[in-house]
Amino acid sequence: MVSAQDSVVELPLARFLARCHAEFSADHSGEVATYIPELALANPSDFGIAVTTVDGFVYEVGDSNVAFTLQSISKAFVFALALDIVGPDRVEAVVGVEPSGDAFNSIRLGADNRPFNAMVNAGAIACTSLLCEIEGAGMGERLTDAFSRFAGHRLEVDEATFESERVTGDRNRAIAYLLRTHGVLKGNVDEVLDVYFRQCAVKVTARDLSVMAATLANKGINPLTGEQVASSYAVARTLSVMTSSGMYDSAGRWVYNVGIPAKSGVAGGIVASLPSQLGLGTYSPRIDDQGNSVRGLRSCEALSSHFGLHMLNRIGDVRTCIAASYDVGSVSSRRARRPEELAILEAHHAAGIVLELAGALSFANVEYVSRRIQDLQPHLSHLVLDFRRVSSISEAASHLLTGALDGLVTHGVEVVFSGVAKGTSLEASLAGWLGGKHGVRGIAPLDEAIEWAEDRIIQRLGGHLDLQKPTILAEQQLLTDLSQDELSDLAGLMATRDYDAGDRMIGSGDPATSLLFVGSGVVSVRLPSGIRLATLSAGMAVGEMALLETRRSADVWADTSVTCLELSLEDFAGFRERHPRAAEHVMANLARLLSKRLIVANNKIEALASF
Ligand code: GLU
C-alpha cells in the first residue's frame with residue numbers, strides 16, 4: 001500500500017493538505033456533540049484529513065489515524081448495501097429520495113408516510129429494518145463486515161458509544177415506532193434500533209473514510225484491495241442522495257460551494273466522494289449549528305475550490321480520446337512490403353485507417369469518435385480501433401460504438417480491434433464484439449492489426465501475397481543496378497541455407513560476418529524480448545547491417561520454411577576489389593533502404609506526435 005506519508009519528496013497535494021491542516025487547526029469554532037453522552041468525550045483539538053485516489057494512493061495529514069464513530073456517515077453505506085442486498089424495488093418503495101428540509105432526527109415523514117430520504121434518521125432506520133427482515137440481529141455483524149470491506153480492513157464497534165446511544169436514543173425510538181405505525185418498519189423496534197445504533201458506533205479514522213469514499217468514487221471497487229464491495233447501481237444512487245441530502249441542513253450550500261457528494265456525522269467525520277477521482281475523509285469533532293464538522297467543511301471547501309473539483313465543472317476535452325489517427329500509407333506495419341504491394345498501399349492509403357483510442361470512453365467521447373468515423377467513410381475499407389490506452393468503456397459509449405460500427409460493417413468495411421488486454425474489465429465490456437459479433441475481429445497487438453489491414457487491402461486490390469514464391473537474385477532490393485556478370489560473380493560466392501519454421505537464423509550479439517538474401521519464405525527480426533522489429537520476405541536481405549556494424553543487434557527467426565543465400569563479408573570484400581562499381585551500388589542501395597526506413601519512422605513519429 002502506498003501512502004504520501006512514506007514518500008521522501010513532498011507531493012503537491014500533500015503540501016496543500018498540510019497547509020489546510022495548519023490553517024484550519026486555528027479555527028476553534030463549533031462544539032463537540034453531547035446528545036450522545038459518549039461523544040462528549042472526544043478531544044476537540046483532533047483534526048485529520050485523508051485523500052485516497054482511485055488508483056489507491058493515500059494522502060494523510062494530522063490525526064488521520066484517530067478513531068471516532070461513523071454515526072450518520074453509516075447511512076450512506078447502509079443505503080448502498082440495502083439496494084444491493086434487499087433490492088432497489090423494495091428499498092425505493094419504502095424510502096424517498098427528496099431532501100427533507102427538516103433536521104436529521106425529525107420525527108416527521110413525507111406526505112406519503114415514507115421517510116424523505118435515506119440520509120436522515122427515519123430513512124436510515126427504514127433501510128436498517130429492511131435489512132433486518134433478511135437477517136434479524138445478525139445484520140449488525142454483517143454491516144460491520146461490509147463497512148470493513150469498504151475500508152479495506154477490519155473495523156470494530158465502539159461498545160461504549162453503542163451503549164451510550166442505546167440508553168439515550170429515545171428520539172430514534174419515537175421515529176422507529178412512527179415507521180412501524182405506517183408499516184414501513186415491520187420487525188421488532190428494539191432489534192432494528194440495536195442494529196442501527198451499532199452501525200452508527202462503528203469506529204473509523206479519517207484515512208478509513210477516505211478509502212471508503214474512494215471505493216464509492218471507483219464504482220464500488222475498493223482501490224486498495226480491488227474488491228467489488230457494492231454494485232455500480234447502488235453506488236450511483238447512493239452518491240445521488242448524498243448529493244441532495246448528505247450534509248444535513250446545509251446540503252444546498254454544500255452542493256453549491258463544494259459540489260462533491262458527501263455525508264457527515266455528528267461525531268465530526270465527513271466522507272466525500274468525487275466519482276472517478278478521489279475519496280476524501282476528514283475528522284474534527286467540533287461541529288457547527290447544522291451538525292457538520294467546522295474544520296472538515298473548510299478543508300473540503302478549500303480542496304474543491306483550489307483544484308476546481310466541483311462535480312459539475314467541465315473536465316477534459318472529448319477529443320483527447322483519440323490519441324492518434326493515421327492511415328496505413330503513413331504508418332505501416334513492421335512487415336516490409338514488396339514494391340508492387342507498396343504501390344497498392346500508397347495509392348489506397350485512405351482505405352485503411354487506425355484510430356488509437358485513449359482513456360475512459362464515455363458517451364461524449366464515443367459520440368465524437370462516431371463522427372470521426374463517419375468522416376472517414378467514403379474511402380474506408382479497413383478500420384483498426386486500438387484500445388491499448390483505453391481504461392474502460394461505459395454502457396452508453398458501448399451503445400454508440402455498436403451503432404457506429406454496425407453502420408460501417410453493413411457498408412462492407414472490415415473492423416478490427418487491437419490492444420484489448422486479456423482478463424481485463426475492458427475485455428469483458430467488449431466481449432460481444434470480440435466474439436465475432438458485428439463482423440469485428442480482435443487481433444492482439446496493434447502492429448499485427450495494421451498488418452492484417454494491409455494484407456486485406458492488397459488482396460482486395462489484386463496484389464499477391466504468395467510469400468513462398470521463390471525469387472531470383474536480380475530481384476533483391478540490395479542488388480538493383482548490378483549487371484548480369486556482377487550478379488553471377490556474386491552468386492558464385494554465396495552458399496544456400498535452408499531453415500525450418502521456428503529456427504533462429506541470427507542471434508543478437510553474435511559477430512556480424514555475413515549477410516543473407518531471402519529467396520523464399522518469411523523471416524522476422526525481433527528483439528531478444530520478442531518485440532518484432534520487422535518481417536521480411538523474398539527479395540529482401542537480413543543481417544545486411546553487417547556491412548556497417550560488427551555485431552548483430554537483433555535475433556532473426558524463420559517464420560516459415562526459408563531459403564537464403566549467404567554471402568560472407570570476407571567474400572564480399574574480394575568482390576568489392578574486383579567490382580568496385582557494383583560494390584558502390586550495393587552500398588548506395590543499402591543507404592536508400594535505410595533512408596526509406598528513416599522516412600517511415602519519421603512518418604510514424606509525426607503521426608503519433610501530432611495529437
Ligand atoms: N446515531 C446518531 C443518531 O441517530 C447519528 C446522528 C448523526 O450522525 O447525524 O442520532
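Atoms within each ligand, like the ligands themselves, are counted from 1 in listed order. These numbers come from the heavy atoms of this one structure, side chains and all, not from hydrogens, waters or symmetry mates.
- Taking every non-hydrogen atom of G265 and a distance limit under 4.0 Å, the qualifying atoms of ligand 1 come out as 8 (O).
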Exercise. Going through the distances and angles, do Y196 and V78 end up as a side-chain contact (heavy atoms from CB on, under 4.5 Å)?
Worked result: CA-CA 10 Å; Y196 171 75; V78 166; over 6 Å; no
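- Remark: ligand 1 and N121 share an N or O pair separated by less than 3.5 Å (distance only, no angle test).
- Among protein heavy atoms, the minimum distance from atom 6 (C) of ligand 1 is reached at Y35 OH, 3.2 Å.
- Residue, atom and distance of the protein heavy atom nearest to atom 7 (C) of ligand 1 are S72 OG, 2.7 Å.
- Taking the centre of each ring, F57 and Y59 come in below the 6.0 Å mark.
- In summary, the side chains of N292 and S250 do present a donor paired with an acceptor at a separation below 3.5 Å, with no hydrogens or angles considered.
- Against a heavy-atom cut-off of under 4.0 Å, V266 is close to the following atoms of ligand 1: 6 (C), 7 (C), 8 (O), 9 (O).
- Cation-pi geometry between K263 and F79 is not met: the NZ or CZ atom fails to fall both under 6.0 Å from the ring centre and inside 45° of the normal.
- For T205 and D208, the side-chain atoms include at least one donor-acceptor pair closer than 3.5 Å.
- Remark: aromatic rings of Y283 and F47 are distant, center separation not under 6.0 Å.
- Contacts between Y248 and ligand 1 below 4.0 angstrom, taking non-hydrogen atoms only, involve the side chain exclusively.
- A cation-pi arrangement is present between R198 and F162, with the terminal nitrogen or guanidinium carbon under 6.0 Å from the aromatic centre and inside a 45° cone about the axis.
- Among protein heavy atoms, the minimum distance from atom 4 (O) of ligand 1 is reached at Y196 OH, 2.7 Å.
- Closest heavy-atom approach to atom 3 (C) of ligand 1 among the candidates R171, E165, Q71: E165.
- Residue-ligand proximity, N172 to ligand 1, at heavy-atom distances under 4.0 Å covers atoms 3 (C), 4 (O), 10 (O).
- Residue C200 has no nitrogen or oxygen atom sitting less than 3.5 Å from a nitrogen or oxygen atom of ligand 1, judged on distance alone.
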